[in-house]
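A short worksheet on the structure shown next.
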There are 2 protein chains.
Amino acid sequence: MNFDPLIMKPKLTLKQIARELDVSVSTVSKALRDSPEISDETRQKIQAFAKLYNYKPNNIALSLKNRRTRTIGLVLPEIVHDFFATVITGVEEVANKRGYNVLICLSNNSFDREVMNLEMLANGSTDGFILSIAKETQQKGDYHHLQEVISQGMPVVMVDRVVNEIICDKVIIDDSDGARDAVQHLIDNGCRRIAIITTVDYISVGKLRTEGYLRALRGNDIELDEDLILKIEDVDNSHEAISQFLGARKIDGVFAVNEQFATSAVKALLNKSLSVPEDVLVFSFSDGELSRRFIPSLSTVNQHGADMGAKAAELLIDRIEKTVTDEEYQTAIVKTSLVERESTQKRKKATV
Amino acid sequence: MNFDPLIMKPKLTLKQIARELDVSVSTVSKALRDSPEISDETRQKIQAFAKLYNYKPNNIALSLKNRRTRTIGLVLPEIVHDFFATVITGVEEVANKRGYNVLICLSNNSFDREVMNLEMLANGSTDGFILSIAKETQQKGDYHHLQEVISQGMPVVMVDRVVNEIICDKVIIDDSDGARDAVQHLIDNGCRRIAIITTVDYISVGKLRTEGYLRALRGNDIELDEDLILKIEDVDNSHEAISQFLGARKIDGVFAVNEQFATSAVKALLNKSLSVPEDVLVFSFSDGELSRRFIPSLSTVNQHGADMGAKAAELLIDRIEKTVTDEEYQTAIVKTSLVERESTQKRKKATV
DNA sequence: TTTCAACACGAAAACGTTTTCGGGGCCCTC
DNA sequence: GAGGGCCCCGAAAACGTTTTCGTGTTGAAA
């Protein structure tokens, strides 16, 4: 239907321009790159033609020739999750600023998908990639696919969910410190019986946040009550478990390692006719829209996902563009910060 | 540091295999593709070698040769937004199933960024792309960049935020019908003075949802009160406007065109000492985690973002793989559905 | 012994670039 | 008038594939 030559103009190549203007391909290439080898007259003629027909060099050919794609990969476990979404934003911004594109792959927390993703990214499509490892992979503890691509010389940066056995650049947050600060804040506001709702230990960040919780208790000489620790296995169906857990215990504070757990906790407390923050204070982790808009709005530990993504992209691109690779691998730690909102402010009623 | 030959094994090419085994490049290529031209002996030798050193063909070279990348682009206005995140999930799933990768670009709702994104995607990096147009672009009404790539023969599918002037495949939802159904639901539950919180009209979906609201009123012989319509310009700083708007009006129902507006509305009502759903019913649009977890949980019009993304990817890949392109462009309409939650259920108190 | 098919492989072109190198023409200088 | 520069430009290689075509060797049939 759209074969009208006035409308349909297929992509132009150097060869076609050359044929059209009766010069050689090399002349065209040089003219377009303002080489002094080409006379003004020829150069202008060629540039005018190229502009008129909107010539744009073919990226694939450039990639092949230069053996660099100016594309970085980003492998994430999931995406319907504010934290990872902000990571993407950060990566994208830095990548764009430095002239790179971003190829995003989702592992859906599946080991097999992650292996496939890495293979694809390592086969020339990208100059390096950023990875936040899948839950299933952490559980299996099988990292051969990562070792493989790293040993091929592909630059890799791990972000947030990292694994210590792999040596590469990493960007993490001070999960443990952030959790400790949050729990300390609860203690400072009078809490003594603080429950923690966390994940099973093979999730590195869950484990670290639990550690922070324990450190805060120890630091304030509060005896640990194992009964106040809930480790969730199945995140998606956690509400029931949380509800039962909180229903059976007398507490004055809750520390949840993510927003989902925190909101479930608030609901469960409401059902017990306890109100937040009047009766129980609630502190959450990973600041997202949910925490901001919830009623009461939730105090959270801000993970600064965009900063993490940005830092990871900087590290990766630095590594890619370094010709000599004798620089030591580094682990950047992005500081968390507490965002205090209604859920931990005892005095006033919930407003905005 | 890592130049230990035992550890460092750079990527293998056909040429290197050929040199190593003292055959020609073409023989290697054929052997690996099980060509009958090659003798069993040679074939097995080559395949064994390739497997041992984990040979994987270079994607870029393949793309150049075949003039297809098996990659599709996805240009989105933003990503920290459940709807677009689910769209990505849908696109990714279908793309992967059909052997394609997904290159994601963010326009950040900026016209210039969108133009850059399209240029990049059209320069050989992808076989086609899916686009949800930037707010700024809709406002400007300048679509030459889109026309440009389409006229070059690049397959394009627009999703959700589409523009009628452009002829290409599209995937939309029945925004107007969804809104009408939601408002009808409010009316059915006794509301008569229903406020709508929507966007300015140049956002196509905002306009359509407003239309649905009007249709519902007309269909029930409820007189339109222009004073109950709030059109938000600056989404990010909308809370104050919503608060003032609701503070000054007597209403019994609210229809908000997105989750952000809806939650702001609930807060504003609470501040007026009105409770939801006892005093005022609230219906929202675009079902996300926020609506599900909010207290009270919000009734919403589900946009089925994953379905939309999946459908868009199907359309795009069909278009890419069709050799004859005489098929008419189609506009797929993904049905919305109402998700009824606490915010419109008068009887019982909020639980879950 | 000659001829011819089948077999197994290699050479080369192609995809679209960039870049190195070489060479033809021109002008200037002795 | 011969030699030497300079100015422009083209040929060719290279990136890593796939594929078409040609070619040499072998074996068997005539």
Side-chain angles (χ1 to χ4, degrees), chain A residues 10-47 49-50 53-71 119-120 122-127 152-154, chain B residues 10-47 49-50 53-71 119-120 122-127 152-154:
Chain A
K11 258 164 273 166
L12 213 51
T13 69
L14 289 186
K15 193 186 292 188
Q16 291 167 32
I17 300 182
R19 195 184 310 135
E20 208 67 33
L21 296 182
D22 213 45
V23 290
S24 79
V25 173
S26 17
T27 302
V28 178
S29 174
K30 290 174 194 166
L32 292 178
R33 323 192 95 244
D34 282 325
S35 159
E37 280 186 49
I38 305 299
S39 70
D40 274 5
E41 192 192 2
T42 318
R43 189 166 46 73
Q44 285 169 19
K45 180 179 65 176
I46 294 176
Q47 289 187 352
F49 187 92
Y53 291 101
N54 197 30
Y55 168 78
K56 293 276 161 45
N58 180 304
N59 248 327
I60 299 293
L62 285 180
S63 294
L64 182 59
K65 176 113 191 64
N66 302 330
R67 269 173 304 181
R68 53 178 316 185
T69 60
R70 291 206 150 273
T71 298
E119 273 188 3
M120 201 279 292
N123 287 341
S125 307
T126 61
D127 297 338
Q152 284 177 357
M154 171 108 344
Chain B
K11 258 164 271 163
L12 213 51
T13 68
L14 289 186
K15 193 186 293 187
Q16 291 167 32
I17 300 183
R19 195 183 311 137
E20 209 68 33
L21 297 181
D22 214 47
V23 292
S24 80
V25 173
S26 16
T27 303
V28 178
S29 174
K30 289 173 193 164
L32 293 179
R33 322 192 98 245
D34 283 325
S35 159
E37 281 186 45
I38 305 299
S39 69
D40 273 5
E41 191 193 4
T42 317
R43 188 166 47 71
Q44 284 169 18
K45 180 178 66 176
I46 292 177
Q47 289 187 351
F49 187 92
Y53 291 102
N54 197 30
Y55 168 79
K56 295 275 162 46
N58 181 305
N59 248 326
I60 299 293
L62 285 180
S63 294
L64 182 60
K65 176 115 193 62
N66 303 331
R67 268 171 305 180
R68 56 178 314 186
T69 61
R70 290 204 149 274
T71 298
E119 274 189 359
M120 201 279 293
N123 287 340
S125 307
T126 60
D127 298 338
Q152 284 177 358
M154 171 110 342

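Because the structure is a prediction, the values reported are computed rather than measured. Scope of the values below: all heavy atoms of this structure, side chains included, with no hydrogens, waters or symmetry mates. To find a chain, count down the sequence lines: A is the first, B the second, and so on, and within it residues start at 1.
DNA chain C is contacted by both K56(A) and K30(A); K56(A) maps to the nucleotide lying nearer its 5′ end (nearest heavy atom per residue).
We find that CZ of R43(B) is positioned 13 Å from C1' of dA8(C), with the value rounded to whole Å. One atom, CG of D22(B), and another, C1' of dG10(C), lie 12 Å apart when rounded to the nearest Å. Atom CZ in R67(B) sits roughly 12 Å away from atom P in dT17(C) (whole-Å rounding). Computed from coordinates, the Q16(B) CD to dT17(D) C1' distance equals 14 Å when rounded to whole Å. Atom CD1 of I46(B) is separated from atom C1' of dA8(C) by 11 Å (rounded to the nearest Å). Separating the CG atom of N66(B) from the P atom of dA13(C) is a distance of 20 Å, rounded to the nearest angstrom. Between K65(A) atom NZ and dG16(D) atom P the separation is 10 Å, expressed in whole Å. In this entry the distance linking CG of D40(A) with P of dC9(D) reads 10 Å, nearest Å.
In this structure, the side chain of S63(B) engages the main chain of N59(B) through a donor-acceptor pair within 3.5 Å.
Listed pair T42(A) / dC9(D) meets the phosphate criterion, a side-chain N or O lying under 4.0 Å from OP1 or OP2. The side chain of S29(B) contributes an N or O atom lying less than 4.0 Å from OP1 or OP2 of dT18(D). At dC15(D), one or more side-chain N or O atoms of K15(B) fall inside 4.0 Å of OP1 or OP2 (strictly under the cut-off). One finds a side-chain N or O of R33(B) lying less than 4.0 angstrom from the OP1 or OP2 phosphate oxygen of dT19(D). Phosphate contact (OP1/OP2 of dT17(C), side-chain N/O of Y55(A), threshold under 4.0 Å): present.
When heavy atoms are screened at a 4.0 angstrom cut-off, L64(A) is found touching base atoms of the nucleic acid. Within 4.0 Å (heavy atoms only), T13(B) reaches sugar-phosphate atoms of the nucleic acid but no base atom. Heavy atoms of L14(A) sit under 4.0 angstrom from at least one base atom. Counting any heavy atom pair closer than 4.0 Å across all strands shown, S39(A) reaches sugar-phosphate atoms only and no base atom. Note on S63(B): nothing from the nucleic acid sits closer than 4.0 angstrom, heavy atoms only. Contact annotation for S26(B): base contact, defined as any heavy-atom pair under 4.0 Å involving a base atom.
Interatomic distance, NZ of K45(B) versus OG of S39(B), reported as 8.0 Å (0.5 Å rounding).
With T27(A) as the partner, the side chain to side chain contact (heavy atoms under 4.5 Å, CB included) test is satisfied by one option alone out of L21(A), I46(A), D22(A), I17(A): I46(A).
Side-chain contact between M154(B) and T126(B) is present, with at least one heavy-atom pair separated by less than 4.5 Å. Considering only heavy atoms from C-beta on, N123(A) stays 4.5 Å or farther from L62(B) through its side chain. The shortest distance between side-chain heavy atoms of T13(B) and N58(B) does not fall below 4.5 Å.
On a pure distance criterion of 3.5 Å, a polar donor-acceptor pair joins the side chain of E37(A) and the base of dC9(D).
When the nucleotides dG10(D), dC9(C), dG16(D) are ranked by their closest atom to the side chain of I38(B), dC9(C) comes out on top.
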